[in-house]
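Let me begin by presenting the structure, written as structure tokens, before commenting on it.
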Amino acid sequence: MNVNKIVILTGAGISAESGIKTFRDTGGLWEDHPVEQVATPEGYAADPALVQRFYNLRRAALKDVEPNPAHVALATLQREMQARGGEIMIVTQNVDDLHERGGAKNVVHMHGELKRVFCAACDHHMDCDYDIFVETTCPACKTTSTVRPDIVWFGEIPYHMDAIERAIKKCDLFVSIGTSGAVYPAAGFVQIAKHYGADTLELNLEVSQGSYHFDETRLGKAGSIVPDWVKEMVG
Ligand code: APR
């Protein structure tokens with residue numbers, strides 16, 4: 001492996017074979033709900049109980065899914081890179097916990113996490129493995145009706161952008177896995193990586209909106225093509 005610094009961006013496609021629906025494929029997650037209803041601050045203000053229910057169901061559903069070989073392979077790559085003194089950042093747009101359960105560490109969740117909530121009054125962020133309701137009281141400031149899912153909704157600013165951009169600017173290789181390239185800022189990471197001289201690789205089921213930006217695109221299911229690629233990398 002002659003690559004020393006890698007940034008990996010993952011999207012819903014890496015969790016598809018674990019049984020979590022993607023967003024924009026047929027039968028996608030939003031199908032039963034308009035995006036505006038469950039993934040915007042305005043939707044939450046209009047019907048907080050419905051939005052809490054939506055995320056409670058998705059959080060509970062995590063118990064029924066398992067990481068697939070793509071999550072496990074990325075964790076292997078992370079361990080191998082670090083053992084060889086390399087640097088690797090796994091950035092995910094996913095709010096599930098399958099990278100962690102596959103063995104990856106320090107995963108950067110730019111769109112938040114289903115198993116986190118925060119208080120909109122005092123900004124206290126906390127782990128959450130249970131249902132929350134409009135009536136839930138913040139354990140830190142004791143305010144009621146202010147605890148919400150720690151999910152970055154449309155119109156909100158993704159997390160950890162400074163650290164992500166710093167890592168992309170100095171990486172040798174940027175790899176995008178299972179994302180349609182439809183949502184910025186993540187969709188623009190490949191252009192930053194290329195501008196700063198990195199090689200770029202896309203692993204996706206089909207040609208995406210962003211494919212033409214990548215040096216190479218490999219098509220197939222993440223559960224097969226990610227482990228194959230990791231084998232090439234680590235030997
Ligand atoms: N293996 C690899 N790729 C797959 C697989 C699979 N088994 N199944 C589907 N894909 C690909 C699809 O072809 C598609 O290009 O994964 C991509 C999923 O795209 P989206 O549904 O748009 O998901 P994502 O790119 O993660 O969405 C980005 O949009 O709604 C927001 O915040 C949400 O984080 C999400 C963001």
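Atoms within a ligand are numbered from 1 in the order they appear, just like the ligands themselves.
- When only interatomic distances are considered, the shortest N/O to N/O separation between Lys221 and ligand 1 does not fall below 3.5 Å.
- At under 3.5 Å, a nitrogen or oxygen of Leu205, whether backbone or side chain, sits near a nitrogen or oxygen of ligand 1.
- For ligand 1, the polar-atom distance check finds an N/O of Ala222 within less than 3.5 Å of one of the ligand's N/O atoms.
- The distance criterion of under 3.5 Å between nitrogen or oxygen atoms is met by Ala12 with respect to ligand 1.
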Mind running side chain to side chain contact (heavy atoms under 4.5 Å, CB included) on Ser18 and His71 for me, showing each step along the way? CA-CA 10 Å; Ser18 293; His71 298 105; 3.7 Å; yes
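- For the residue pair Thr179 and Gln93, a side-chain donor N or O sits within less than 3.5 Å of a side-chain acceptor on the partner.
- Within the 6.0 Å centre-distance limit, the rings of Phe54 and His33 are counted as a close aromatic pair.
- Annotation: Asn94 places no N or O atom under 3.5 Å from an N or O atom of ligand 1; distance criterion only.
- Taking every heavy atom of Gly220 and a limit of under 4.0 angstrom, the matching atoms of ligand 1 come to 1 (N), 2 (C).
- Listed by atom number, the atoms of ligand 1 under 4.0 Å from Phe154 heavy atoms are 30 (O), 31 (C).
- Residue Gly11 has no nitrogen or oxygen atom sitting less than 3.5 Å from a nitrogen or oxygen atom of ligand 1, judged on distance alone.
- Side-chain polar atoms of His125 and Asp123 form a donor-acceptor pair below 3.5 angstrom.
- Of the heavy atoms in Ser180, both backbone and side-chain atoms come closer than 4.0 Å to ligand 1.
- Using a 4.0 Å cut-off between heavy atoms, Val183 contacts ligand 1 through its side chain alone, with no backbone atom that close.
- Those atoms of ligand 1 that come under 4.0 Å of a heavy atom in Glu17, given as number and element, are 1 (N), 6 (C), 7 (N).
- Between Gln93 and ligand 1, a contact under 3.5 Å exists for at least one N or O pair.
- When all heavy atoms are compared, the tightest approach of Leu219 to Leu205 is CB-O, 4.0 Å.
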